[in-house]
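In what follows, every chain begins at residue 1, and chains take the letters A, B, ... in the order their sequences are listed. Values below: every heavy atom of this structure, side chains too, minus hydrogens, waters and symmetry copies.
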2 protein chains.
Amino acid sequence: MYKLKDVAEKANVSLATASLAINDSDLVNDKTKKKVLDWVQKLGYYPNMHARNLARGRSYNIVLMINSKYFLTYSNIFYLRVIGGIIKEAEKTEYSVVFSFYGDKKDFDLEKFKHKITNIDGIVVLDVIDKKNLKILKEKCKLPIILIDNHKKNKSTYGVDNDDYGGAYKATKYLIELGHKKIGYIGIPDSHPLGKECWEGFKKALEEYNLNEFCSYKKCKLGITSGREAIDYLININKNNLPSAFFCLNDYIAIGVMEELKNKGYKIPDDFSIIGMDDMPLSSEIDPPLTTVKIKMEEMGNIGINNLISIINNNYKGPRKFIVDNELIKRKSCKSF
Amino acid sequence: MYKLKDVAEKANVSLATASLAINDSDLVNDKTKKKVLDWVQKLGYYPNMHARNLARGRSYNIVLMINSKYFLTYSNIFYLRVIGGIIKEAEKTEYSVVFSFYGDKKDFDLEKFKHKITNIDGIVVLDVIDKKNLKILKEKCKLPIILIDNHKKNKSTYGVDNDDYGGAYKATKYLIELGHKKIGYIGIPDSHPLGKECWEGFKKALEEYNLNEFCSYKKCKLGITSGREAIDYLININKNNLPSAFFCLNDYIAIGVMEELKNKGYKIPDDFSIIGMDDMPLSSEIDPPLTTVKIKMEEMGNIGINNLISIINNNYKGPRKFIVDNELIKRKSCKSF
DNA sequence: TTGTAGGCGTTATCAA
DNA sequence: TTGATAACGCCTACAA
């Protein structure tokens with residue numbers, strides 16, 4: 001493995017000149033620069049990162065923190081997409097992305113990566129993080145932090161979030177404009193910030209068209225099974241007065257809803273219109289393909305990492321909370337009423 | 001940020017002693033060691049990684065290389081699980097996992113991380129990598145490499161693979177033992193190593209019970225839609241003499257197969273038994289829950305990272321290709337014939 | 001424009 | 001068992 005000294009000797013310049021040339025400094029003339037760079041090429045030289053970072057006092061590492069429970073248990077493709085966006089964008093820069101799991105509320109353990117803290121320039125936290133743990137993280141690490149999809153209105157921390165409110169509003173409005181007046185809401189508890197946002201977006205659309213809430217089920221988790229249970233419950237409760245459409249908080253719930261309705265002998269979209277949120281790969285493959293609100297997951301990753309790098313370099317100008325818009329994807333699970 | 005010198009001064013020892021104490025060397029007595037460690041605690045000192053790694057000539061970084069196309073386009077949960085296993089296991093060690101995407105055959109670009117090569121101790125490649133690109137990688141980087149789920153019989157490179165052959169064999173045998181004699185095979189082309197392995201495992205089981213191949217479709221990709229197309233094709237071809245069971249190369253295909261059969265008015269498992277491979281979260285949630293072969297994805301990640309670390313440290317004793325077994329998960333999509 | 005020398009924070013060697 | 005001191009490879013004033 002060659003070092004700077006080798007390059008300098010070959011090119012017949014001093015160490016300093018070689019270093020400056022490699023870092024494209026104005027202090028060295030083009031001819032010398034070229035001579036040095038040619039030898040860099042010829043030798044296949046790459047600077048030793050440890051030495052460089054030690055001298056520069058930076059590490060060009062960004063840690064991506066993920067709640068291991070959510071990641072492993074729910075195995076949500078959402079993560080895959082956001083992570084993809086993060087890595088893809090990071091690779092355009094000089095930064096590397098290092099992974100780190102953290103435990104849940106009680107076993108939130110910084111020791112696990114604390115020893116690497118001198119090797120980190122900034123932190124991305126993916127998904128909801130407990131307020132208390134966030135505080136610990138901030139206090140102990142004293143590094144720039146950005147929260148992606150944290151859903152929280154934590155004013156003092158930078159974040160990138162999907163426009164949950166707007167998405168739910170958009171979806172509901174679409175159903176209304178198709179002529180539906182009795183729309184069922186299927187989501188998660190309002191205690192979860194995502195649940196709250198969606199519920200408010202949903203209601204906003206109803207209000208705008210002077211419609212009343214018809215029926216709702218908010219006890220879902222985010223999986224298919226929950227969708228099934230929701231339908232069982234709602235159909236049981238409203239036997240003689242069923243809604244004509246269902247807003248579902250995410251695609252998995254929507255898929256469960258559709259499955260269960262089909263099991264009960266109903267036709268989609270003839271008997272019920274179904275709309276979801278997320279746009280999973282699966283959503284376009286099921287039958288009928290699901291109408292949904294596409295969350296720009298990769299873009300959230302892109303923006304997150306770029307904003308963080310700007311923050312690290314003290315030139316971030318954007319808002320504390322960056323809201324990413326989303327897009328209605330019309331497929332075949334909805335029809336006009 | 002405190003440095004070693006601060007600790008040494010506080011503890012009233014020399015730099016060398018402090019360093020030795022922190023690295024738990026036998027050369028320093030327990031009393032001194034404790035004194036130093038107490039001050040480490042008190043000051044909240046952590047060694048500077050750049051300095052340490054520079055001095056040690058190691059980086060304790062492992063790069064996880066992933067084909068960006070597969071990762072982003074197919075968004076397979078398989079990745080999530082393996083990556084989870086890798087990170088979880090790496091966190092028990094002093095190694096960090098850094099992510100890196102690589103392009104496809106033609107734009108396989110090492111330059112993108114080549115500059116960080118002095119910052120890497122080893123490489124994990126996830127999923128199939130082109131033979132030619134692997135060669136480039138090996139020659140340019142000269143670092144320990146391990147291939148996870150590469151499916152290839154590349155003898156000279158370390159690898160961790162699922163027992164595809166055994167899994168297909170196991171699944172088929174199960175169908176046969178349920179009494180099925182006419183079993184359809186739905187998979188991907190034999191040109192893909194996964195396809196080849198599964199097809200051979202499938203045939204092996206048939207042979208053992210003196211059964212003939214009944215019908216097969218090998219043009220699938222790995223998604224739900226492919227499963228649908230396969231059923232359309234097979235049912236059309238065999239109109240008057242249908243199989244009683246289908247072996248499907250993965251769960252997504254199996255799900256498509258089940259959906260399409262249900263659409264055509266058949267009942268699962270009454271009319272057809274369906275078996276898949278993978279065990280996705282989805283598989284237990286659909287109706288009926290899918291019988292499948294559970295691939296130990298997290299374990300593959302665990303083993304991969306551990307083996308790589310052993311290889312880095314020159315104490316790996318296991319086989320070049322480490323084969324991970326899998327497990328038949330009986331659910332409700334199969335019944336005896 | 002180029003070269004010299006000191007510093008970045010650890011580890012490791014070798015006397016004491 | 002401890003304490004100077006020289007690496008590790010690069011960056012950057014400062015001087016020439």
Side-chain angles (χ1 to χ4, degrees), chain A residues 1-40 43-61 94 96 114-121 313, chain B residues 1-40 43-61 94 96 114-121 313:
Chain A
M1 194 116 288
Y2 292 104
K3 37 193 186 178
L4 189 58
K5 202 178 149 199
D6 300 315
V7 176
E9 275 170 10
K10 288 288 188 187
N12 250 317
V13 296
S14 74
L15 267 179
T17 307
S19 173
L20 290 173
I22 283 169
N23 291 300
D24 200 23
S25 158
D26 301 331
L27 298 177
V28 43
N29 72 39
D30 288 351
K31 211 169 152 190
T32 319
K33 208 180 274 183
K34 184 174 181 325
K35 194 170 59 178
V36 173
L37 261 23
D38 280 351
W39 276 108
V40 166
L43 297 179
Y45 163 83
Y46 286 96
N48 179 305
M49 281 305 169
H50 303 306
R52 168 175 279 185
N53 293 342
L54 175 59
R56 300 223 257 230
R58 305 253 316 246
S59 50
Y60 301 98
N61 272 153
E94 56 212 330
S96 297
K114 196 72 201 300
H115 68 282
K116 289 176 188 158
I117 205 147
T118 53
N119 207 9
I120 300 172
D121 289 343
N313 296 316
Chain B
M1 193 113 293
Y2 292 104
K3 37 192 186 177
L4 189 59
K5 202 176 149 201
D6 300 315
V7 176
E9 275 170 10
K10 288 287 187 186
N12 248 315
V13 296
S14 74
L15 264 180
T17 307
S19 173
L20 289 173
I22 283 168
N23 290 299
D24 201 22
S25 158
D26 300 331
L27 298 177
V28 43
N29 72 37
D30 289 351
K31 211 169 151 188
T32 320
K33 207 181 272 183
K34 185 174 179 326
K35 193 171 60 179
V36 173
L37 260 24
D38 280 351
W39 275 107
V40 166
L43 297 178
Y45 162 83
Y46 286 95
N48 179 304
M49 281 306 166
H50 303 307
R52 166 175 282 185
N53 293 342
L54 175 59
R56 297 223 261 232
R58 305 255 314 248
S59 50
Y60 301 97
N61 272 154
E94 55 211 330
S96 296
K114 196 73 201 304
H115 69 281
K116 289 176 188 159
I117 205 148
T118 53
N119 207 9
I120 300 172
D121 289 343
N313 295 316

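Nearest heavy atom pair, residue Lys33(A) against residue Ala21(A), reads CG-O, 3.9 Å. Residues Thr118(A) and His50(B) approach most closely at O-NE2, 3.4 Å, considering heavy atoms. Taking both residues in full, the closest heavy atoms of Tyr60(B) and Asn53(B) are given as CD1-OD1, 3.5 Å, listed atom of the first, atom of the second, then distance.
In terms of position along DNA chain C, the nucleotide closest to Tyr45(B) lies nearer the 5' end than the nucleotide closest to the other residue of the pair Tyr45(B) and Leu27(B).
Of the residues in residues 6-15 of chain B, those lying under 4.0 Å from DNA chain D by heavy-atom distance are Val13(B), Ser14(B).
Protein atom CZ of Arg58(A) is 16 Å distant from nucleotide atom C1' of dC10(D), rounded to whole Å. Atoms CG (Leu4(B)) and C1' (dA12(C)) sit 13 Å apart, rounded to a whole Å.
For Pro47(B), the side-chain atoms get nearest to dT10(C) when compared with the rest of dC8(D), dT10(C), dT12(D). Minimum atom distance to the side chain of Ala16(B) is reached by dT13(C), of the listed dT13(C), dT2(D), dG9(D). Of the candidate nucleotides dG9(D), dT1(C), dC11(D), dC11(D) has the atom nearest to the side chain of Arg52(A). The side chain of Thr17(A) has dT2(C) as its nearest neighbour among dT10(C), dT2(C), dC10(D).
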Stepwise side-chain hydrogen bond (donor to acceptor under 3.5 Å, both in side chains) test for Asn119(B) and Arg52(A)
CA-CA 11 Å; Asn119(B) 207 9; Arg52(A) 168 175 279 185; over 6 Å; no

Quick one: do Ile22(A) and Leu37(A) satisfy side chain to side chain contact (heavy atoms under 4.5 Å, CB included)? Show the steps, please.
CA-CA 7 Å; Ile22(A) 283 169; Leu37(A) 261 23; 4.3 Å; yes

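Within the 4.0 Å cut-off from OP1 or OP2 of dC10(D), not a single side-chain nitrogen or oxygen of Asn53(A) is found.
Using a 4.0 Å heavy-atom distance criterion, Thr32(A) is classed as a sugar-phosphate-only contact. When heavy atoms are screened at a 4.0 angstrom cut-off, Asn23(A) is found touching the sugar-phosphate backbone but no base atom.
Checked by atom type and distance alone, the side chain of Asp38(B) never pairs as donor or acceptor with a backbone atom of Lys35(B) at under 3.5 Å. Ser59(A) places a side-chain N or O within 3.5 Å of a backbone atom of Ile120(A) that can act as its donor or acceptor partner. Side-chain N or O atoms of Lys10(A) include none that pairs as donor or acceptor with a backbone N or O of Val40(A) at under 3.5 Å.
Recorded end-axis angle for the helix from dT1(C)-dA16(D) to dA16(C)-dT1(D) stands at 40°, based on five pairs per end and rounded to 10 degrees.
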